[in-house]
Every structure is written in structure tokens, then in C-alpha cells.
Enquirer: 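This is the structure, below, for whatever I ask next.
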Amino acid sequence: MSSFVPSAPVLDLDAILRDPDVHIIVCTGSGGVGKTTTAAAIALRAAESGRNVCVLTIDPARRLAQAMGIAELDNTPRPVEGVDTKAGGSLDAMMLDMKRTFDDVVERHADPERAKAILENPFYQSLSSSFAGTQEYMAMEKLGQLHSQAQADAIWDLIVVDTPPSRTALDFLDAPARLGSFLDGKFIRVLSAPARGAGKGLGRLASVGFGFFTSVLSKILGSQVLNDVGSFVAAIDSTFGGFRERADATYALLKDSGTSFVVVAAPEADALREASYFVERLHADAMPLAGLVLNRVQELSLPKVSREQALAAAEGLADGDANSRLVSALLQLHADRASTMKRQQSLTARFTSAHASVPITTVPALAEDVHDLDGLRLIGELLAQN
Amino acid sequence: MVNWSGTALHVVSGKGGAGKTTVAAALAICLARDGKRVLLMEVEGRQGIAQLFDTPPLPYQERRIAIAPGDGEVWALAVDADEALVDYLASFYNLGRAGSAMRKMGAIDFATTLAPGLRDVLLTGKACEVVRRKTKRASNAYDHVVIDAPPTGRIAQFLNVTAQVSALAKTGPIHRHAEMVMGVIASPQTAVHLVTLLEEMPVQETIDGISELHVANLPVGAVFVNMMRTPLLDERQSAKVRKATLPKSKIGELAVAAGIRQPARDVAEGLVQEAIDHVRRTDLEAREQARIDDLQLPVFTLPYLAQGVALGELYALAETMFDEGIR
């Protein structure tokens with residue numbers, strides 16, 4: 001039983017970290033709930049309990065990145081200094097560079113000449129650096145790469161992934177497929193048809209609907225853009241088995257029993273609503289959910305005194321001497337915290353009433369931000385102890 | 001005190017979770033005071049405004065959602081890029097019916113996916129159209145437009161539409177459209193406000209966001225520090241907490257005498273621990289406040305509301321903004 005949410009089962013994080021069959025932990029949730037810190041803390045705790053861990057972070061706070069030695073973007077996991085390796089574990093960390101990851105994919109699959117043509121294509125450049133969904137696609141791609149690397153060289157037995165700060169947590173699951181179908185879709189085929197020469201593409205282009213479609217598109221976007229898209233698709237067509245297929249392969253990896261999802265939230269209405277959507281989605285897709293991490297929970301050092309009791313006593317002391325006024329202020333402070341906690345609990349109860357079987361662990365609101373390994377270690381302990 | 005009577009377009013951004021939708025809504029109410037008409041616009045398809053005002057989801061159509069003190073009116077609009085493109089095709093190319101046919105084919109979705117910059121131009125373009133719109137009597141249709149905009153990390157890119165579009169098209173109609181939009185956004189008629197909390201990451205993002213806005217020559221308005229807790233300990237009391245000189249036994253004794261029915265020692269330990277946490281927090285907030293003050297921008301502070309934000313709280317926040325000098 002969790003003390004913050006008495007009705008919910010407790011998420012036993014250490015049991016998951018110790019389970020040798022768990023190879024991937026995905027931390028997900030809406031923006032601003034402490035996902036990156038949670039992922040880093042889980043990775044560190046796993047490493048110090050003997051796992052060989054690689055953590056893939058997306059957009060860590062600068063000081064945390066510096067502390068982990070990953071402030072420089074080079075898109076390759078590097079060993080983290082200062083990790084306790086007595087239990088035989090290790091920790092490598094990296095920060096995702098989405099453009100670099102995309103470039104690597106191109107370079108790995110195309111001969112040098114074609115790769116050069118793709119990399120220099122203006123449409124590819126905007127696709128690889130600013131496209132909606134590219135970050136999610138590349139996070140999945142990188143996860144797939146790290147996973148096969150881990151299997152081939154046996155350097156890591158656990159990969160912990162942080163997910164991009166999307167508008168909704170579901171984007172991590174949906175954006176790659178969306179981008180995949182877009183790139184493999186019928187419209188883009190039509191645009192690439194002229195570049196591929198005559199044939200059925202041109203036949204389709206001749207159909208009134210598409211002809212009209214391309215003419216309106218070139219009015220809006222300019223014909224140069226359409227040409228760029230066309231030659232990009234033609235160049236990439238012979239290189240890949242299809243974007244959709246690649247995205248599907250990593251998606252299948254997420255459904256594997258060796259994967260475990262940790263949904264991160266804060267006790268606020270929006271964050272819990274997102275968490276709820278995500279939990280439902282994992283369930284619908286039969287993806288393995290470990291549980292919910294609830295960050296920034298208000299805890300009390302004096303749990304037995306209610307808000308009302310504290311306020312009543314505070315009022316009686318408000319007009320006394322300096323010490324009485326001090327105690328009055330302290331009691332008001334307590335009342336304030338008690339009401340925050342109550343509100344958080346009732347918001348969380350809405351989540352648990354819909355998802356009664358989801359295990360929960362909580363991390364209290366800390367007075368200061370985390371930006372070193374000691375801070376991460378403390379978060380790890382708090383996550384494991386509930 | 002700020003005078004925003006000439007600022008037609010207010011863009012409200014902020015870190016996720018800092019409360020930018022709440023601040024945008026309260027600002028709209030505050031600006032609508034005394035007979036003004038304000039349009040509150042949403043661009044991310046989240047229906048956050050409808051949730052906040054407890055109304056059914058907003059359509060792509062302006063509708064009145066609240067009134068403000070002194071006969072003011074707040075209208076709301078959820079802009080959708082696909083609809084805005086149909087709109088754009090209809091008004092610039094006379095392609096109204098074709099636009100909706102293309103929409104049915106999924107072609108419009110395709111076009112906005114192909115060119116993410118296009119999506120942003122259409123969204124900001126709609127805001128600029130409203131800003132420039134006149135009534136029959138040639139006065140402005142709205143006194144102010146307030147946008148609940150994308151988060152700080154994306155705001156400069158979102159607003160810098162000509163840069164986004166020039167990557168796509170160096171000439172042509174969409175380019176001219178982007179220049180028209182930029183003519184409004186990068187002018188003194190516009191102010192970009194950032195909402196933050198007094199925590200390290202949100203403040204850092206705010207500072208970074210402001211320098212990106214400066215680089216893009218976009219007009220920065222004010223910083224809104226949101227969810228600020230009232231200081232419950234005065235300076236002398238806080239100093240005692242820092243120096244660990246709180247009179248513990250006296251605290252336990254007084255609290256029990258005032259009616260707390262728990263062992264005096266537990267009460268003292270608990271209250272002192274909570275005071276220590278509180279002072280650490282407020283010290284951190286003071287450090288972050290100093291970084292915000294260094295920005296030399298107007299700063300408005302909004303209180304933390306333990307009960308959450310519903311319609312009544314929005315009016316209270318709008319009142320706070322008025323009291324802090326927003327006109």
C-alpha cells in the first residue's frame with residue numbers, strides 16, 4: 001500500500017531493476033513532470049545494483065547533463081564518471097541528436113554518392129532537423145540501434161529511455177508511424193513520380209484529382225519544394241525498405257516482454273490526465289506497464305495534524321508574543337502543506353479509481369533541483385522506498 | 001505599471017506546466033475591462049481554454065465565452081491549421097470549395113505535414129487577420145488578441161514565420177503572406193510574454209527563450225511569475241530557521257497549549273522540519289527571482305492557488321494583474 005494513495009498497489013522499482021529479463025525501460029509522460037530526471041535516477045540505481053546500463057536522454061537540463069558528462073552532443077553513449085561499480089554494474093549515457101541519428105541511418109544504408117545526394121537535399125534537411133515527429137522517430141530508431149548493439153556486443157543488459165517532450169505522451173508511440181506512413185504514403189509517391197520517369201506514376205498523376213492537387217500545392221509551397229520532395233523520395237526509395245517498416249520494427253520491440261514502461265506524472269490535473277491516456281493506450285496495445293511514478297508529491301513531517309486543527313491553533317496564537325507568532329506561522333505553514341497534499345491526493349484518486357491495478361511510487365517535492373549524481377541517487381532511493 | 005492599450009497582439013508562452021493557458025485567459029479578462037473586446041486564441045488543438053472556462057469544445061469560430069468588469073467581453077477561438085488553410089485558399093485563391101474537397105482527400109493534412117513552417121504561418125496568419133480586421137465603422141474588431149501559444153522552447157521558431165517559410169519558398173504567395181504576418185508580429189503592436197515558475201529549469205528556459213526572441217527581433221513583453229506562494233515566515237523567523245536556532249521545546253509547548261493533541265516533541269520536530277523545507281524552497285525562489293529581475297523586463301507575480309483554477313480564480317488572477325498595473 002502506498003502511503004500517499006492508500007488504495008493503490010506499490011510499484012516495486014528494485015524488483016524490476018533486478019529482473020534480468022527486463023532489457024528496456026521507457027520513461028514517458030507529459031512535459032515538465034521530471035521524466036528525464038526519473039530516467040537518469042532509475043538508470044543510476046540499476047547500474048549501482050549491478051546492471052550494465054545505457055541511458056538515452058532527450059533534452060536534459062544543462063547542469064544535469066554536465067554532471068553526467070553528456071553535455072557535448074556526439075550521439076554515442078559515454079561512460080558516466082562517479083558511478084559506484086562495486087556491484088559489477090556500469091552506466092553509459094547519451095543525449096539524442098536527432099539530425100545526426102537520421103544522417104547515420106542514411107549513411108549506413110546508401111552508397112556514398114546517393115547518401116550525399118540525400119543529405120544535401122533541402123527537403124531532407126528540413127525533415128531531419130525540424131519535422132514534427134522526427135524526434136520521436138529518431139528516439140525509436142536510436143533505441144532500436146542501442147538494443148541491437150547491446151545484443152551483439154553484450155555491453156549493456158538494460159537500456160533506459162527518456163521520451164521527447166511532446167505535446168502529448170502518446171506522440172512517442174504514434175509519431176514514428178505517422179511520419180512513416182506519411183513518407184510511404186500515396187501523395188508523396190505522386191510527387192516523386194516525375195523524378196522516377198514515366199510509368200504508372202505519371203498515369204496516376206494524370207488523374208484529375210491529383211493533377212489539381214499538385215497544382216494547388218505548388219501554388220502554396222512553390223514548385224521547388226515539390227521537386228525537392230520528389231527527388232528525395234526517389235533517392236531514398238531504393239535505399240530503405242520503407243520508413244513505415246522501420247518504425248513498425250521498433251514498435252514491435254516495445255511490445256516485447258523484455259520492455260517495461262514507467263509512466264511519469266506530477267499530482268496535477270493535466271499531467272494525470274495524460275498519464276491516464278497513456279496507461280489506457282498501453283493496455284489497448286498490450287504493452288508492458290510497470291507502473292506510475294508520481295513526482296513532486298507534497299509530504300508532511302507532521303502527518304497526524306490536520307489542516308483544520310493547525311489553523312484553529314494558529315489563530316489562537318496569532319496575537320501573542322514573538323514565540324507565539326512564530327508557532328502560529330509554523331502551524332499555518334503546516335496547514336498550507338496539508339491542503340496542498342489533500343488536493344494532490346484527490347486528483348490522484350481520480351486516476352486510481354480508473355486504473356486501480358496500476359502500481360504507484362511517489363517522490364516527494366524536493367526543496368531544490370537535482371543536478372548531480374548524489375541527487376539522482378537520492379531520487380533513486382525515494383523511488384524504490386514506498 | 002504597463003500601458004498595453006496600443007498592443008494589439010499578446011502572445012503568451014511558457015514552460016509546460018507553468019500555467020500559460022491560465023495566464024493567457026486571465027490576461028484576456030484583465031485587458032477586456034471597461035468595455036473592451038478581447039479575443040483569446042488557442043493554436044495547439046488542446047481545448048485548454050474550453051476546459052478552463054468549463055464550456056464545450058471550441059469550434060473554428062469566434063464565440064463569446066466570458067464577460068469582464070465594466071461591460072468587457074472575452075471571445076474565444078480554437079484555430080486549426082487545416083481549417084486555416086481552407087480559409088486561406090478561399091480568401092486568396094477563390095478556392096473555397098476545392099479547399100474542402102482537398103481536405104476530404106487528406107491533402108491539406110499532407111501539405112501542412114510536408115511543410116511544418118506552413119502550419120505555423122497559417123496559425124499566426126489567422127491571428128494577424130483578426131488583429132487587422134475592422135468593423136463596419138472602421139474601428140478594430142477586437143481591442144486585443146491574446147494567443148495561448150506553443151511553449152517557450154518553440155516560441156521563437158513559431159513566431160519567426162518568414163525564416164521558416166523562406167526555407168520553403170523564396171518567392172510566391174505564401175512568402176508574401178508570411179511577410180504580412182511578420183509585419184504584425186515583429187512590430188510594436190505585438191508583445192510576447194513568458195510564463196515561468198521560480199524553479200531552476202523554467203527560469204533557465206525563460207532566459208534562453210528571451211535571448212532567442214531577441215535574436216529573431218521579436219518584441220518581448222513581460223515575464224509572469226506564476227504560482228507564487230505567500231511568504232508565511234518573516235525575515236527574522238526565516239533567519240532562525242537557517243541558523244537552526246528555533247526554540248524547539250518552546251514551539252512544542254505552545255502548539256500543544258494551543259490545542260494540538262500530539263506529543264510536544266513530535267509536534268516541534270515536525271513543524272521545524274517543515275519550516276526548514278519551506279525556507280530552502282523560498283531561498284531557491286529568491287535566487288531564481290534575482291535571475292528574472294536581471295532580465296530588466298516588467299515582471300508580474302501571480303499567487304499559487306491551492307484549490308486549483310476554475311472560473312472564479314481566473315477573475316481573481318485578472319484582478320491581481322490589474323492591481324499590479326496592467327492597463
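Quick note: numbers below take in every heavy atom, side chains included, and nothing from hydrogens, waters or symmetry partners. First the proteins, then the strands, lettered A, B, ... as listed; each starts at 1.
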Enquirer: Do B:Arg261 and A:Lys304 pass the side-chain contact (heavy atoms from CB on, under 4.5 Å) test, and can you show the C-alpha distance, the side-chain angles, and the key distance before you say yes or no?
Expert: CA-CA 9 Å; B:Arg261 271 167 306 207; A:Lys304 286 181 186 155; over 6 Å; no
Enquirer: Does B:Asp54, at its CG atom, have more than 12 non-hydrogen atoms belonging to other residues, nucleotides or ligands within less than 6.0 Å?
Expert: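 No.
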Enquirer: Are B:Arg280 and A:Leu366 side-chain neighbours, meaning at least one heavy-atom pair lies under 4.5 Å?
Expert: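 Side chain of B:Arg280 against side chain of A:Leu366, heavy atoms only: no contact under 4.5 Å found.
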Enquirer: Where on A:Leu333 is there a heavy atom nearer than 4.5 Å to chain B: the side chain, the backbone, both, or neither?
Expert: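 Both parts, backbone and side chain.
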Enquirer: Should A:Asn323 and B:Ile251 be marked as a side-chain contact (heavy atoms from CB on, under 4.5 Å) after you check the CA-CA gap, both sets of side-chain angles, and the distance that decides it?
Expert: CA-CA 7 Å; A:Asn323 274 337; B:Ile251 289 170; over 6 Å; no
Enquirer: With a 3.5 Å distance limit and no angle check, can you tell me whether B:Gln273 reaches the backbone of A:Ser301 through a side-chain donor-acceptor pair?
Expert: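 Checked: no pair found.
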Enquirer: Please state whether the side chain, the backbone, both or neither of B:Val272 comes within less than 4.5 Å of a heavy atom of chain A.
Expert: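 It is neither, since no heavy atom gets under 4.5 Å.
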Enquirer: Under 4.5 Å between any side-chain heavy atoms of B:Leu271 and A:Val305, yes or no?
Expert: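 B:Leu271 does not reach A:Val305 side chain to side chain.
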Enquirer: By side-chain hydrogen bond (donor to acceptor under 3.5 Å, both in side chains), which residues pair with A:Asp319, not counting sequence neighbours?
Expert: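 side-chain hydrogen bond (donor to acceptor under 3.5 Å, both in side chains) check on A:Asp319 returns nothing, list empty.
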Enquirer: Taking the side chain as every heavy atom from C-beta outward, state whether A:Glu299 and B:Glu274 have any atom pair closer than 4.5 Å.
Expert: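 Side chain of A:Glu299 against side chain of B:Glu274, heavy atoms only: no contact under 4.5 Å found.
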Enquirer: Can you name the residues of residues 234-247 of chain B that have some heavy atom under 4.5 Å away from a heavy atom in chain A?
Expert: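 Interface residues of residues 234-247 of chain B: B:Gln237, B:Leu246, B:Pro247.
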Enquirer: So for A:Leu347, is it side chain, backbone, both, or neither that comes closer than 4.5 Å to the heavy atoms of chain B?
Expert: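 Contact with chain B involves no heavy atom of A:Leu347 at all.
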Enquirer: Give a yes or no on this: more than 12 heavy atoms of other residues, nucleotides or ligands lie within 6.0 Å of atom CD of A:Glu315.
Expert: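 12 or below, so no.
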Enquirer: In terms of side-chain geometry, is the basic nitrogen of A:Asp336 or B:Arg229 positioned less than 4.0 Å from the acidic oxygen of its partner?
Expert: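 Yes, charged N to carboxylate O under 4.0 Å.
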